[in-house]
Colleague: 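Provided herewith is a single structure, encoded as structure tokens, for subsequent inquiry.
A, B, ... follow the sequence lines: proteins, then strands. Residue 1 opens every chain.
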Protein chains: 2
Amino acid sequence: MQITRQTDYAIRCVLYLSRMRERVVVVDDIAVIMDIPKSFLAKILQRLTKAGIVKSSRGIKGGFQLAKNPRQISLLDIIEAIQGPAGMNRCAINKDICRFSKTCTVHPVWVELRQKVEQHLKKVTFQKLIKLK
Amino acid sequence: MQITRQTDYAIRCVLYLSRMRERVVVVDDIAVIMDIPKSFLAKILQRLTKAGIVKSSRGIKGGFQLAKNPRQISLLDIIEAIQGPAGMNRCAINKDICRFSKTCTVHPVWVELRQKVEQHLKKVTFQKLIKLK
DNA sequence: TTTAATTAAGACAATTATTATCCTATTTTA
DNA sequence: TAAAATAGGATAATAATTGTCTTAATTAAA
């Protein structure tokens, strides 16, 4: 898959929250510090919340914090939360969109590749990302 | 990177030409048989020609044929001919587009992944693709 | 109990990328 | 010279991505 800007933002955001540990942070702060348009970030945080990666609280003293240990969050988790399944080709996600898929000798290549990429991204946790210099 | 429909068409097209061996085929035939919009395919063939993957001849008796042995053409060649460099994230192609890239701990991941994907796709030649059932 | 600060949700606008078409050269062979 | 083919450029149509705005709901504190 192509990593979109939205996913890049999401990664930056989780990176920031990972560094903040348990602390609750408001959208505004993340937006300013991580250079992300505020109302766009708000949308992204909604998705991350639904995916169980961050948790939100409303009202005064509200904001966002990680819902899990950074060790338990991988790059793949973020990508899937924002973009959905991580296939490089649509047919690696849903075979039926292509009328050649039954006999197509290329199709298995996309499937293998998807697996390879997913495996790789699953290993990259945010604990690793914040510890690396 | 995301494989676009255009690239899928290009692959289909080269697959067809590979099966045709040395024979010269006109755009119309490829378009009909491979289910690709004709004038779009014409554009795609121009790119494949510029990339040295197919060669064209004009006039009556003109058309397209492979410029190389299918053994020497890989999926990566087609992707690069149509979409350009094969990074999943823009920053894996050009570091400078991101103002965080100097200290970004995620950046190396995209670079590794790009290499991994390229290696994989380079190994898949059209000889293999037409021999597989 | 009211107010201020926060997120939630949905509609929509703007921008960019992709897909597709069409028209006019140019080339080549018969 | 005519017919059949590709080359190239302009442009239209569609879809995806990015971004904004407004209103509602929630919460803590004054």
Side-chain angles (χ1 to χ4, degrees), chain A residues 1-13 17 23-32 34-67 79 81-84 87-90 93 97-98, chain B residues 1-13 17 23-32 34-67 79 82-85 87-90 93 97-98:
Chain A
M1 75 312 245
Q2 185 64 29
I3 303 304
T4 65
R5 197 178 314 177
Q6 190 171 176
T7 302
D8 269 337
Y9 289 160
I11 292 168
R12 265 187 222 172
C13 171
L17 290 174
R23 267 170 281 172
V24 172
V25 191
V26 298
V27 177
D28 262 350
D29 288 357
I30 309 177
V32 169
M34 292 283 108
D35 196 26
I36 304 168
K38 180 189 158 180
S39 47
F40 197 23
L41 177 59
K43 288 298 177 195
I44 293 169
L45 278 161
Q46 281 179 24
R47 292 196 182 200
L48 292 174
T49 306
K50 279 185 186 148
I53 293 165
V54 308
K55 56 188 177 191
S56 69
S57 43
R58 290 175 164 197
I60 297 182
K61 300 254 170 178
F64 294 90
Q65 64 194 138
L66 281 196
I79 293 168
I82 303 293
Q83 317 196 16
M88 299 221 321
N89 197 325
R90 299 165 304 154
I93 294 159
I97 58 156
C98 173
Chain B
M1 75 312 238
Q2 185 65 27
I3 303 304
T4 64
R5 198 180 314 176
Q6 190 172 176
T7 302
D8 269 337
Y9 289 161
I11 292 168
R12 266 187 223 171
C13 171
L17 290 174
R23 267 171 282 171
V24 172
V25 192
V26 298
V27 176
D28 262 350
D29 287 357
I30 310 177
V32 169
M34 292 283 109
D35 197 25
I36 304 168
K38 180 190 157 181
S39 47
F40 197 23
L41 177 59
K43 289 297 178 197
I44 292 168
L45 278 162
Q46 281 180 24
R47 291 195 183 203
L48 293 173
T49 306
K50 278 184 187 149
I53 293 164
V54 308
K55 56 188 176 191
S56 70
S57 43
R58 290 174 162 196
I60 297 181
K61 301 254 172 175
F64 294 89
Q65 64 194 140
L66 281 195
I79 292 168
I82 303 293
Q83 315 196 13
M88 299 220 322
N89 196 325
R90 298 166 305 153
I93 294 160
I97 59 157
C98 173

Colleague: Can you measure A:Ile30 atom CD1 to C:dT6 atom P for me and round it to whole angstrom units?
Modeller: 12 Å
Colleague: Mind calculating the distance between NZ (B:Lys61) and P (C:dA30) to the nearest angstrom?
Modeller: 6 Å
Colleague: What integer distance in Å separates A:Ile36:CD1 from D:dT18:C1'?
Modeller: 13 Å
Colleague: Does A:Lys38 reach a base, just sugar-phosphate, or nothing at all? Heavy atoms under 4.0 Å.
Modeller: nothing
Colleague: Need to verify one output field. Residue with the more 5' nearest nucleotide on DNA chain D, B:Gly59 or B:Leu45?
Modeller: B:Gly59
Colleague: Could you tell me how far apart A:Arg12 (CZ) and D:dT18 (C1') are, to the nearest whole angstrom?
Modeller: 14 Å
Colleague: Taking only side-chain N and O atoms of B:Tyr9, does any of them lie within less than 4.0 angstrom of OP1 or OP2 on C:dA20?
Modeller: yes
Colleague: From the options C:dT29, C:dA9, D:dA28, select the nucleotide whose nearest atom is closest to the side chain of B:Ile60.
Modeller: C:dT29
Colleague: Would you kindly give the CZ-to-C1' distance between A:Arg58 and D:dT26, to the nearest whole Å?
Modeller: 5 Å
Colleague: Using side-chain heavy atoms (C-beta onward) and a distance below 4.5 Å, is A:Leu17 in contact with A:Ile30?
Modeller: yes
Colleague: Side chain of B:Ser56 only, please: which of C:dA20, D:dG19, D:dT6 is the nearest?
Modeller: D:dT6
Colleague: What bend angle does the helix from C:dT1-D:dA30 to C:dA30-D:dT1 show across its length, from five-pair end axes and to the nearest 10 degrees?
Modeller: 0°
Colleague: Whole Å only: how far is the NZ atom of A:Lys43 from the C1' atom of D:dT23?
Modeller: 11 Å
